[in-house]
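Worksheet: one structure, shown below.
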Amino acid sequence: MRRNAKVFAFVASSVLMIGCLINKTFPKQNEFCFKQKTIHEMKAIVSVERPKATDIKRAKYAREIKAELQNLWHATEFEFKRVLRSNDRNKSIDQAEKDLLQTIWALEIQLENIQSLDITWQAVVANKTANMVSDLIDSHQNPHNCNERGQLFGHPEVCGYGCMVHNILEQFFMALSNNKTLFTYPFGCIYLGNETTLKNVFQPFSKNCSLRTGDWKEVETYTDLKVNDLSYILGQHMTAAGPRRYSVFTEELWNSIELFHGKPRAWLAGKLVRYITRPTKHFYDVFNKLGAKVDFTRPLVGLHIRRSDKLTSDQEYADFHPFSKYMKHVEKWYRKYEMRQVLEGSQNKVKRRVYLATDDPGIWDETLNYEEYEFIGQRKFAKRASNERTRETSFGLFEIANEINILSMCNFIVCTFSSEVGTLAYEYMQTLHLNAADKVLSLDAEYGPTGAPVDLHRVIYSHNVEGELPLQHGMLATGYQQWNGYFYGTNKDLNWQLYPSYKVQATLPVFAVKNGKFSVDLF
């Protein structure tokens, strides 16, 4: 069909040109021929290789975003000057923030529209990658011959539910990276007593293998883990801290996940913790009974506020954040959501709903100051969770697991990643969406291993400002997110200073273990 159209266009063009040559001596006919030739050429251009609808939209959105970014800079200049001229600086600053935020949200919505153009092929890649990871897990946990793989018996650190799951997750990474089947000690949580064990909560990690008899040796170094066929590990004294990855997280797997997801580490962790925490029928029934009490009418923002011993224990490091600080981000999310609703033509008033999960019952009193919001949640559990004696029970374990599950099903989460609960809810959320990398806001830490920088950065723009970290194009750096446009970090010179976030890009983390030893060198 397309070939016939091109032949027809060629013949028509030839006839037109011959006719015009014959009538060259007649001005009026010549003018008519010129117009016809121009129209015909325009039609021919439009008819050849018509772009796909998605490509047309992408080009249109890109032009609009570029233009709006220039307008954003002009608006920023204007707002600065208006604040400087104002007699009421605080009021002017508040107004400037609102105006600029709306501009940024409009840009974000445009970018999200561009991202939506790739959903179809990304979903195909995501499904294939998920199947590959499932096959990897199954081949390790359920081998046809249980003697063909080594075994790792993990003893989780005795701590809270989220802490315990993440401890097992770390040991799972070790097992998968060393050709071993993972088993775990069933008494690894403060919520569990003599009557309730992990066997009552989680399905067996392996369907057809059990612990073998033989020469079991404790793992104290990564070399032990590599050479000992039957290994056991106590607690969490070995972790891939910082911008490092275990060997199971190959470059090919990382690159595959990056095609559809913004946080490959969180996506893979989500798959693994879902496997670890597959509930028994009893646990599943309790989940359903507790979850049935929650009204999941959308939109719904999850709010997790961890206090009690998280703020008072010497072993914890969390800071206090007032309820108003959490609600500021909830309000921002709803304001942007309402902007998108208007763009999509919805005339319905958005009902602002919040699922509140907390161990501080006093926060429920503070919710009365936010009359435009509907707060739902487990008030009775908040009271029980505020006291260790009533929280650390088997039913308390069911309740905290249920809170995590519900938070993961919200449209957005505001939390603190210093809490294992917020982190686990975020990981669960990744298994429910194609890309939920930006569906959470943490008031303190970034997502990733605690106590060390999360990402390894490659410098794309050189930087040489006095008092800041010098950067050269192509070099590596790593640092802590400061939430102000800067990282506080270091490079090969090992000096710790600030450097701008826009001058670097996250790159593939280094392997945690090289030649059987922990890799200290990042650069």
Side-chain angles (χ1 to χ4, degrees), residues 1-6 8-9 38-76 98-131 254-264 266-267 298-301 332-350 410-413 429-441 460-461 501-502 505-506:
M1 181 68 73
R2 181 172 293 179
R3 183 181 178 184
N4 292 338
K6 288 183 178 179
F8 176 80
T38 303
I39 293 171
H40 182 76
E41 287 177 347
M42 288 297 295
K43 288 182 177 179
I45 290 171
V46 172
S47 65
V48 173
E49 297 299 331
R50 178 73 174 175
K52 296 179 181 178
T54 54
D55 294 332
I56 295 172
K57 287 182 179 179
R58 194 189 310 277
K60 177 177 178 290
Y61 289 148
R63 289 194 301 269
E64 291 173 349
I65 290 171
K66 184 177 180 180
E68 198 55 44
L69 280 170
Q70 293 172 337
N71 291 334
L72 176 60
W73 172 245
H74 296 319
T76 303
K98 290 179 181 178
D99 293 342
L100 292 175
L101 271 175
Q102 286 190 327
T103 304
I104 291 171
W105 291 334
L107 284 168
E108 287 182 351
I109 290 172
Q110 286 282 61
L111 287 169
E112 289 162 4
N113 289 339
I114 290 179
Q115 289 177 319
S116 69
L117 301 177
D118 296 313
I119 285 178
T120 302
W121 70 262
Q122 286 181 335
V124 173
V125 175
N127 187 54
K128 290 181 178 179
T129 308
N131 290 338
W254 184 280
N255 292 339
S256 179
I257 299 171
E258 270 196 326
L259 290 173
F260 60 86
H261 200 279
K263 292 283 186 183
W267 184 89
R298 307 290 178 168
L300 181 62
V301 173
K332 286 181 178 178
W333 187 88
Y334 269 110
R335 285 173 61 192
K336 178 185 170 184
Y337 180 86
E338 289 162 353
M339 280 185 66
R340 177 172 277 284
Q341 293 297 105
V342 171
L343 181 66
E344 295 175 352
S346 175
Q347 302 297 322
N348 298 328
K349 180 178 174 59
V350 175
C410 293
N411 296 81
F412 189 74
I413 304 174
M429 180 183 268
Q430 307 315 306
T431 67
L432 303 176
H433 304 270
L434 177 63
N435 180 12
D438 58 356
K439 291 184 179 293
V440 69
L441 187 138
I460 54 176
Y461 298 113
S501 60
Y502 78 93
Q505 285 182 340

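Quick note: residue numbers are just sequence positions, from 1.
Between Tyr337 and Pro299 the shortest heavy-atom distance is CE2-CG, 3.8 Å. Considering every non-hydrogen atom in both Leu107 and Leu69, the closest pair reads CD1-CD2, 3.8 Å. When all heavy atoms of Tyr502 and Tyr461 are compared, the closest pair comes out as O-CD1, 3.8 Å. When every heavy atom of Leu101 is checked against every heavy atom of Lys332, the shortest pair comes out as CD1-CE, 3.8 Å. Here the closest non-hydrogen pair linking Tyr61 and Ile114 is CB-CG1, 3.4 Å. Minimum heavy-atom separation, Met339 to Gln102: CE-O, 3.6 Å.
Considering NZ of Lys60 and CG of Asn113, their distance stands at 9.0 Å, rounded to 0.5 Å. To the nearest 0.5 Å, atoms SG (Cys410) and CE (Met429) are separated by 6.5 Å. Between the OH atom in Tyr334 and the CD atom in Gln341 there is a gap of 11.0 Å [rounded to 0.5 Å]. We find the CD1-CD distance between Ile460 and Gln505 to be 4.0 Å, quoted to the nearest 0.5 Å. How far CD of Gln430 is from NZ of Lys263: 10.0 Å, rounded to the nearest 0.5 Å. Ile104 CD1 to Lys336 NZ: the interatomic distance, rounded to the nearest 0.5 Å, is 10.5 Å.
Counting only heavy atoms from C-beta outward, the side chains of Thr103 and Asn71 never approach each other to under 4.5 Å. No side-chain heavy atom of Leu117 sits under 4.5 Å from any side-chain heavy atom of Lys52.
For the side chain to side chain contact (heavy atoms under 4.5 Å, CB included) with Phe260, the qualifying choice from Thr129, Asn127, Asn435 is Thr129, the only one to do so. Under the side chain to side chain contact (heavy atoms under 4.5 Å, CB included) rule, Ser346 has a single partner from Asn348, Leu343, Val342, which is Asn348.
A distance-only check finds a donor-acceptor pair linking the side chain of Asn411 to the backbone of Leu300 [under 3.5 Å].
No more than 12 heavy atoms of other residues, nucleotides or ligands lie within 6.0 Å of NZ in Lys57, so this atom counts as exposed by the packing criterion.
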For Arg335 and Lys98, run side chain to side chain contact (heavy atoms under 4.5 Å, CB included): C-alpha distance rounded to whole Å, both residues' side-chain angles, the deciding distance at 0.1 Å, then the answer.
CA-CA 10 Å; Arg335 285 173 61 192; Lys98 290 179 181 178; 4.0 Å; yes
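With hydrogens and angles left out, the side-chain atoms of Gln110 and Glu68 include no donor and acceptor closer than 3.5 Å.
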